[in-house]
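Okay, structure first, notes after.
As the structure is a computational prediction, the values presented were derived from the model and not from experiment. Computed from heavy atoms alone, side chains included, the values below leave out hydrogens, waters and symmetry copies.
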Amino acid sequence: MTLQSSTTDSWQRLLDPAVVQSQARGPLPPRPALSGSYRERSYPSVAARPAAGKLPGVGMVVVITVAFGAFGLIPATRRANRAGELGRSGDKYWQAFWVTFGVTWFVFGVLPLLMMIA
């Protein structure tokens, strides 16, 4: 027996399913099915998310809108979509964004101009 054949035999014994099964503590888990695309297997769709839970609040929409202006659209959109997934209306998030955006523009934009004119 040469060095090459002994090495090959060692690798074949390590890869033999019967040897692996005898060394394992229990049965081997089944292999996952490879049907479908990668995206379907790895990332479940939004519809797969359970439709239960509490609606998100509007507080973060208000805070982000006051602090970052139009970037408040991001939390408003996400919360409105989540409400839609739960079968509810997302209008309150849009109202919170637009009211906050308008008040912020008035307080920090229009009001200082009016004070400078007066």
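- Residues T65 and G72 come closest through the heavy atom pair OG1-CA, 3.4 Å.
- To the nearest 0.5 Å, atom CZ of residue F106 and atom CG of residue L113 are 10.5 Å apart.
- The shortest distance between side-chain heavy atoms of F97 and L73 falls below 4.5 Å.
- Scanning both residues, K54 and L86, for their nearest heavy atoms gives O-CD1, 4.1 Å.
- Taking both residues in full, the closest heavy atoms of L111 and V107 are given as CB-O, 3.6 Å, listed atom of the first, atom of the second, then distance.
- When all heavy atoms of A83 and S89 are compared, the pair lying nearest together is CB-O, 3.8 Å.
- When all heavy atoms are compared, the tightest approach of A96 to V62 is CB-CG2, 4.3 Å.
- A continuous path of ILVMFWY side-chain contacts below 4.5 Å connects F108 to V103, so both sit in one hydrophobic cluster.
- Between F101 and W98, the ring-plane angle classifies as perpendicular under the 30° and 60° cut-offs.
- Hydrophobic cluster membership is shared by F68 and I74, with clusters built from Ile, Leu, Val, Met, Phe, Trp and Tyr side chains linked at under 4.5 angstrom.
- Proximity of a side-chain donor or acceptor of R79 to a complementary backbone N or O of G57 within less than 3.5 Å is detected.
- The side-chain heavy atoms of V58 and W94, taken from C-beta on, include no pair separated by under 4.5 Å.
- Between V66 and T100 there is a side-chain heavy-atom pair separated by less than 4.5 Å.
- Judged by distance alone, with hydrogens and angles left aside, the side-chain atoms of Y93 form a donor-acceptor pair with the main-chain N or O of P56 at under 3.5 Å.
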